[in-house]
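Contents: one structure, followed by commentary.
Since the structure is predicted, the reported quantities are computational estimates derived from the model, not experimental observations. Start at 1 and go down the list; that is how both ligands and their atoms are numbered.
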Amino acid sequence: MAEPLIVIGNGMAAAKFAEELAARALGRYAVAVVGEEPHLAYNRVLLSSVLAKESSLDAIALKSAAWWRDRGVTLRYGCAAQSVDLDARTVSLGDGKVLSFSKLVFATGSLPIRLSVPGADLPGVVTFRDISDVSTMNAFAQLGSRIAVVGGGLLGLEAAYGLSKSGAKVTLVHLMDRLMERQLDPCAATLLKRAVESLGIEVLTSVETDRVEGQNRAEALVLKDGRRLAADAVVFAVGVAPNVALARQCGLRTARGILVDDGLACSALGIFAIGECVEHRGRCYGLVEPAYEQARVLARCLTGEGGSYEGSVLATNLKVSGVNVFSAGDFLGGAETENIVFSDPGFGTYKKLVLRDGRLVGTVLYGDTTDGLWYLDLIRSGALVEPMRGDLIFGRAFLGREAA
Ligand SMILES: Cc1cc2nc3c(=O)[nH]c(=O)nc-3n(C[C@H](O)[C@H](O)[C@H](O)COP(=O)(O)OP(=O)(O)OC[C@H]3O[C@@H](n4cnc5c(N)ncnc54)[C@H](O)[C@@H]3O)c2cc1C
């Protein structure tokens with residue numbers, strides 16, 4: 001008989017896990033996926049493209065309803081899991097139903113952070129995490145409306161770009177002295193700022209938010225230096241926190257995220273966690289690739305193939321049309337690393353490779369990002385690149401020509 005397995009969360013990690021499990025052992029588990037959002041699992045990464053009207057909601061579904069049906073997965077979306085009883089091995093849902101499980105997987109993702117400043121809960125203050133946030137932002141993004149986006153990371157930049165494409169006058173405010181400081185070095189960040197400004201987006205760096213002002217709704221964002229930016233809406237894109245409430249409530253061990261071992265197992269037998277809700281070896285990831293790697297490893301573990309998750313090398317791509325940015329690994333480097341740099345600011349190209357002991361450990365690419373995934377493979381494999389270091393910066397195609 002199929003063993004009942006419940007996945008809580010119907011996001012990207014859950015969809016990948018269902019796919020990997022079905023590919024390995026269709027029918028071994030009776031899988032039920034419980035999702036709070038009233039949608040089939042969708043590609044959250046592409047919400048930025050939906051906001052920028054470069055993609056539609058229909059186009060971002062990860063799997064069709066038929067795909068789930070054909071694999072025998074019971075989908076319960078638009079319904080939150082409200083509590084888990086680890087002793088009784090049951091999950092209680094918002095609609096009053098109680099489901100039994102033998103194995104349980106948490107895939108509850110993250111929650112967007114709202115700055116705790118006065119006015120943060122006024123109508124017109126939004127975050128950027130799901131389809132309903134995109135609908136809210138679209139309602140504000142009218143021609144000539146003024147929108148302040150707080151946060152100059154990947155999400156803030158993509159929000160600013162999408163809103164400005166709809167005709168809104170956007171000001172992006174960032175606490176740090178450069179944009180995307182977690183992915184870019186100062187040179188690449190300077191080029192990025194210039195490119196974003198050329199799209200008509202005002203960028204203010206090294207500024208701190210003091211409060212949101214407004215009578216019954218957001219009317220202005222006030223900065224700590226006293227400046228007051230008139231705003232019909234304020235978007236907080238200041239990061240995410242792993243969604244651990246349910247796991248904590250049922251007694252699982254949590255820190256920042258739900259604590260898991262290399263087999264993605266939590267602190268109670270038969271309970272697992274994957275994706276952004278997870279903390280593994282002290283790290284929480286906010287990107288999709290680690291979630292997919294964890295989903296793959298867990299599917300292998302639960303089908304007897306065995307596997308171990310060792311952590312992920314992070315890589316980021318900015319989805320702002322015409323602005324190509326790629327960053328991976330240790331892109332800043334340190335005392336024991338060497339940098340190979342190619343820079344042509346006039347042409348809008350910047351490439352930096354960080355090497356340690358003859359191996360590539362990080363990269364930042366601005367402008368021409370064609371070789372990003374190739375560099376990422378080299379970083380992940382830990383291959384010796386010393387023999388080709390003279391040509392490495394010119395990319396794979398150049399090396400191929402040289403060899404021919
Ligand atoms: C606009 C945007 C752009 C992004 N761009 C990139 C990018 O370029 N590259 C990249 O790598 N990553 C990007 N990300 C991050 C990426 O989307 C996440 O890493 C990925 O979605 C994580 O998958 P997950 O399944 O862990 O979480 P999620 O996809 O967030 O799924 C979690 C799901 O669980 C549900 N849930 C939570 N609690 C419950 C409950 N109690 N009961 C039922 N359901 C529950 C939530 O509603 C949610 O649907 C982006 C994210 C956003 C918002």
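Ligand 1 places these atoms under 4.0 Å from at least one heavy atom of Ala107: 32 (C), 33 (C), 34 (O). The distance from ligand 1 to the heavy atoms of Ser48 drops below 4.0 Å at these ligand atoms: 1 (C), 3 (C). Atom numbering of ligand 1 starts at 1 in the shown order; those under 4.0 Å from a heavy atom of Glu37 are 47 (O), 48 (C), 49 (O). Within the listing of ligand 1, atoms 43 (C), 44 (N) sit less than 4.0 angstrom from a heavy atom of Gly35. Taking every non-hydrogen atom of Gly286 and a distance limit under 4.0 Å, the qualifying atoms of ligand 1 come out as 15 (C), 19 (O). In summary, the atoms of ligand 1 found under 4.0 Å from a heavy atom of Arg129, numbered by their order in the structure, are 27 (O), 28 (P), 30 (O), 53 (C). Remark: ligand 1 atoms within the under-4.0 Å shell around heavy atoms of Asn243 are 37 (C), 38 (N). Under a 4.0 Å criterion applied to the non-hydrogen atoms of Gly275, ligand 1 contributes the atoms 26 (O).
A donor and an acceptor atom, one from each side chain of Ser48 and Glu158, are located under 3.5 Å apart. A donor and an acceptor atom, one from each side chain of Tyr285 and Glu293, are nowhere located under 3.5 Å apart. Ser56 and Asp58 form no side-chain donor-acceptor contact under 3.5 Å, judged by distance and modelled atom types alone. A donor and an acceptor atom, one from each side chain of His174 and Glu181, are located under 3.5 Å apart.
In terms of N/O distances under 3.5 Å, ligand 1 is approached by Ala81.
More than 12 non-hydrogen atoms from other residues, nucleotides or ligands lie less than 6.0 angstrom from CD of Glu336. By the 6.0 Å contact criterion, CZ on Arg253 is open, its count of non-hydrogen atoms from other residues, nucleotides or ligands being 12 or less.
Here the protein heavy atom with the shortest distance to atom 10 (C) of ligand 1 is Leu287 CD2, 3.4 Å. Protein heavy atom in closest approach to atom 17 (O) of ligand 1: Arg44 CB, 3.4 Å.
Distance check: Leu47 CG to Leu57 CG gives 7.5 Å after rounding to the nearest 0.5 Å.
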